[in-house]
2 protein chains.
Amino acid sequence: MATIYEVAALAGVSPATVSRVFNGLTVSEEKQRLVRDAAASLGFTPNKTARRLRKQSSEIIALLIPDIENPFYTALARGVEDRAQESDFSVVLCNTDDNPAKELRYLQIAASEQMAGVILSPASDEVDLGAIVSLGRPVVAVDRTTPYPVDAVKIDNRAAGVAATTALFDAGYRRIACIAGPAGIETTEDRFLGWRQVVTARGTGVHEGYLRHANFRVDGGFAAMAALLALETPPDAVVTTNNLMAIGALQALIQAGISPEKFGIAAVGELPFMTLPPETVVQVRLPARHLGRTAATMLLDRINGDTQPLRTVVLRADVSPPMPPGKASL
Amino acid sequence: MATIYEVAALAGVSPATVSRVFNGLTVSEEKQRLVRDAAASLGFTPNKTARRLRKQSSEIIALLIPDIENPFYTALARGVEDRAQESDFSVVLCNTDDNPAKELRYLQIAASEQMAGVILSPASDEVDLGAIVSLGRPVVAVDRTTPYPVDAVKIDNRAAGVAATTALFDAGYRRIACIAGPAGIETTEDRFLGWRQVVTARGTGVHEGYLRHANFRVDGGFAAMAALLALETPPDAVVTTNNLMAIGALQALIQAGISPEKFGIAAVGELPFMTLPPETVVQVRLPARHLGRTAATMLLDRINGDTQPLRTVVLRADVSPPMPPGKASL
DNA sequence: GAAGTCCAAGAAATCGATTTCGTCAAGAGT
DNA sequence: ACTCTTGACGAAATCGATTTCTTGGACTTC
């Protein structure tokens with residue numbers, strides 16, 4: 001790898017001039033040409049590490065997500081990546097597994113790697129953003145928020161929960177259960193509140209045992225659904241507060257020999273790779289990619305010195321018409 | 001962020017000694033304690049950028065995959081990540097979209113960021129690994145291989161294609177079509193050859209129009225299946241050479257009003273988030289995570305100076321019994 | 001024509017670690 | 001008692017860029 005010194009020597013100028021050429025500072029036409037030719041013939045690429053050490057910052061943004069195997073988050077990541085590319089930033093994807101220890105480790109890496117900023121979906125309320133924030137690096141919370149004063153992009157989860165539940169009601173179901181995520185995670189909390197609001201308002205009340213907490217994954221939804229079906233008065237419909245748990249619930253129905261078409265299912269979130277008729281499941285589509293893009297835009301604004309007061313952008317999700325089959329599902 | 005100099009000053013030693021303490025070199029008990037105390041009280045974390053500039057290498061490995069929204073690759077990424085973490089390496093995930101230009105860009109970043117090595121699933125045969133390789137950075141090809149002399153981990157794709165097709169045959173299907181990926185990608189090529197081998201050997205021959213090429217995604221599978229169904233003598237079964245195309249094929253069947261249970265479907269790869277009875281689709285399960293883990297192990301060996309001759313590890317996939325429902329699907 | 005302004009461009013400092021080199025003292029060997 | 005190792009550790013060089021600081025010449029301006 002050629003250095004700036006070799007380029008300078010070959011072009012017959014000083015290293016400073018080479019640097020100036022590559023940073024678009026004032027250099028005479030003449031020398032610019034010399035430098036560019038020399039650089040080209042040596043295949044010179046500026047060493048990012050040296051540049052970063054000097055500039056104390058890089059063009060990399062860290063994206064911390066809780067579950068890389070959940071298509072919702074990969075779609076979100078795509079949104080971030082798309083926006084980042086437009087500004088010549090790279091994205092480093094970090095999988096926290098909803099584990100505060102892994103999360104902390106990645107935050108430290110982000111700090112010690114001089115990354116330009118962080119977008120994260122906090123694994124817990126106790127994230128310690130102190131280190132990053134005190135370094136002056138911007139942070140944007142996405143999907144989930146944090147007690148720290150940082151920008152945020154989220155979804156109107158309560159409304160999403162309401163929409164999912166209402167759709168089931170309107171379809172005639174009356175014994176609507178809810179499979180919620182782990183207690184303490186605000187997204188699922190709000191969606192669950194949406195469910196409760198509807199079942200309460202519509203007068204069916206909350207049946208005993210119709211609220212289940214589960215982990216956010218397929219197996220959690222499966223177990224919760226199995227438990228619901230084992231009740232003496234099982235529900236006739238269920239709302240799940242995320243996408244993967246709905247998959248698990250569907251699998252449980254099938255294993256129990258119940259056709260998913262005869263049971264009301266609504267999910268907050270889009271079911272990835274669905275191979276059931278679209279009308280089988282009510283899906284409240286979340287604008288995952290847009291969420292990511294918005295977060296990236298806000299972060300880049302901050303990186304570029306935007307100092308406006310903290311913002312929280314709330315995106316609204318609707319029960320959208322089913323997507324035509326054959327289209328990429330997210 | 002505190003520097004090594006401040007720590008040195010506070011501890012009353014030289015910066016060199018601080019460095020030695022943090023790198024486990026010989027330092028007296030006494031001074032070690034002084035340094036550690038000083039570091040702790042200042043909240044010192046070594047600046048990775050400075051370290052990297054000096055050492056000319058980092059503890060980061062780049063992982064280039066063609067499609068981050070395909071669960072096969074995210075599972076692979078998990079395998080890489082798991083192994084990397086064990087050796088205190090971080091993984092940077094790069095999504096090439098099967099686009100040689102994006103691939104090249106990420107390879108340049110890997111080089112100019114002094115990353116320790118690269119694991120990639122090449123987007124095309126023409127990847128230019130020259131820059132990385134000449135820097136002495138190890139490279140491991142995963143899933144797909146390259147003409148460059150680098151280590152590789154792959155799957156016995158031909159056998160996988162044979163297994164998928166044979167299963168359909170054994171189930172009584174005789175008009176077996178094949179939805180293959182884009183021409184020129186070796187994985188799909190080999191799987192398709194497996195299919196051809198079986199339909200030829202078993203005497204049914206290759207019906208006209210029963211071979212379709214499609215892109216590797218859901219919409220590709222959907223379109224190909226729709227085309228197959230429109231033939232005057234449609235097939236009674238189909239083999240898809242990857243997972244997502246099978247999803248698309250299933251969606252096409254459903255839209256055409258054909259129950260997936262009455263049609264033979266086999267896929268090379270595991271269908272993510274399946275909500276159909278497991279016996280509906282023959283799945284040749286690919287050890288994605290293991291693939292990633294193996295690749296990471298090989299790469300780390302090389303990073304640690306392993307100089308044995310080039311290796312190509314071939315993993316075998318089998319038609320495994322369906323996974324019990326409710327288990328995480330990948 | 002003298003003084004002031006501007007600008008291209010080189011010399012040298014700087015970012016924060018690691019590493020070579022050299023020094024000094026304590027312990028080993030004869 | 002005197003050389004020879006050996007080991008801890010400080011001083012200074014180094015990695016490769018960016019960014020002052022300076023300088024010398026061209027250009028204005030009165």
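Each chain gets a letter, A, B and so on, in the order its sequence line appears, and its residues count up from 1.
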**Request:** Return yes if a side-chain donor-acceptor contact under 3.5 Å exists between B:S87 and B:R83, otherwise no.
**Result:** yes

**Prompt:** Between the side chains of B:R293 and B:T297, does any donor sit under 3.5 Å from an acceptor?
**Reply:** no

**Request:** Would you indicate which nucleotide in D:dA17, C:dG16, D:dA11 comes nearest to any side-chain atom of B:R54?
**Result:** C:dG16

**Request:** Please state how far atom CD1 in B:I4 lies from atom C1' in D:dA12, giving the value in whole angstrom units.
**Result:** 14 Å

**Request:** Establish, with yes or no, whether the OP1 or OP2 oxygen of C:dA8 is under 4.0 angstrom from a side-chain nitrogen or oxygen of A:T17.
**Result:** no

**Request:** Check whether any side-chain nitrogen or oxygen of A:N47 sits under 4.0 Å from OP1 or OP2 of D:dC15, and answer yes or no.
**Result:** no

**Prompt:** Between A:R217 and A:D67, does at least one N-O distance fall below 4.0 Å, as a salt bridge requires?
**Reply:** no

**Closest heavy-atom pair and its distance - B:P100, B:A123** = N-CB, 4.3 Å

**Message:** Just to be sure I understand the rule, does B:V18 reach a base, reach only the sugar-phosphate, or reach nothing, if contact means heavy atoms closer than 4.0 Å?
**Reply:** nothing

**Request:** Whole angstrom is fine here: how far is it from CD in B:Q114 over to P in C:dA17?
**Result:** 17 Å

**Prompt:** Of all the nucleotides listed (D:dC9, D:dA8, C:dT18), which has the minimum atom distance to the side chain of B:T26?
**Reply:** D:dA8

**Asked** Rounded to whole angstroms, how far apart are NZ on B:K55 and P on C:dG16?
**Response** 19 Å

**Request:** Grab the CZ-P distance between B:R20 and D:dC9 for me, whole Å please.
**Result:** 8 Å

**Prompt:** In whole angstrom, what separates A:Q32's CD from C:dA8's C1'?
**Reply:** 12 Å

**Asked** How many Å lie between CG on A:L34 and P on C:dA8, as a whole number?
**Response** 16 Å

**Request:** Give a yes or no on whether a donor-acceptor pair under 3.5 Å exists between the nucleobase atoms of C:dT14, that is its base, and the side chain of A:R51.
**Result:** no

**Message:** Using a 4.0 Å heavy-atom cut-off, does A:S19 contact any base of the nucleic acid, only the sugar-phosphate backbone, or nothing at all?
**Reply:** base

**Asked** Given D:dG16, is OP1 or OP2 found less than 4.0 Å from the side-chain N or O atoms of A:K48?
**Response** no

**Side chain to side chain, A:D88 and A:E59, heavy atoms closer than 4.5 Å** = no

**Message:** From OH of A:Y5 over to C1' of D:dA13, roughly how many Å is that when rounded to an integer?
**Reply:** 13 Å

**Fill in**
Testing D:dG16, C:dA12, C:dA17 for proximity to the side chain of A:T3, the answer is D:dG16

**Request:** Classify the side chain of A:R52 versus the base of C:dT14 as yes if they form a donor-acceptor pair under 3.5 Å and no if they do not.
**Result:** no

**Item:** Short side-chain N/O contact to C:dG10 OP1/OP2 from A:K31, under 4.0 Å
**Value:** yes

**Asked** Over how many whole Å does the gap from B:E29 atom CD to D:dC9 atom P extend?
**Response** 11 Å

**Asked** Under 3.5 Å, is there a donor-acceptor pair between the side chain of B:D143 and the main chain of B:S121?
**Response** no

**Exercise: do B:E113 and B:S58 side chains pair donor with acceptor under 3.5 Å** = no

**Request:** Measure from the side chain of A:V27, starting at C-beta and using heavy atoms only, and say which of C:dA9, D:dG16, C:dA17 lies closest.
**Result:** C:dA9

**Request:** Give one of base, sugar-phosphate or nothing for B:F22, where a contact means two heavy atoms less than 4.0 Å apart.
**Result:** nothing

**Message:** Test your reading of the model: is there a side-chain donor-acceptor pair from A:S112 to the backbone of B:N47, 3.5 Å cut-off?
**Reply:** no

**Message:** I want to check one thing: is the phosphate of C:dG16, taken as OP1 and OP2, less than 4.0 Å away from some side-chain N or O of A:Q56?
**Reply:** yes

**Request:** Taking B:R302 for its side chain and B:Q308 for its backbone only, find out whether a donor-acceptor pair lies under 3.5 Å.
**Result:** yes

**Complete:** Here DNA chain C, pairs taken as Watson-Crick or G-U under 3.5 Å and shown with ( ), [ ] when crossing and | when to another strand, reads ||||||||||||||||||||||||||||||

**Message:** Tell me whether the side-chain N/O atoms of B:S14 come closer than 4.0 Å to OP1 or OP2 in D:dG10.
**Reply:** yes

**Asked** Under 4.0 Å between a side-chain N/O of B:S28 and OP1 or OP2 of D:dC9, yes or no?
**Response** yes

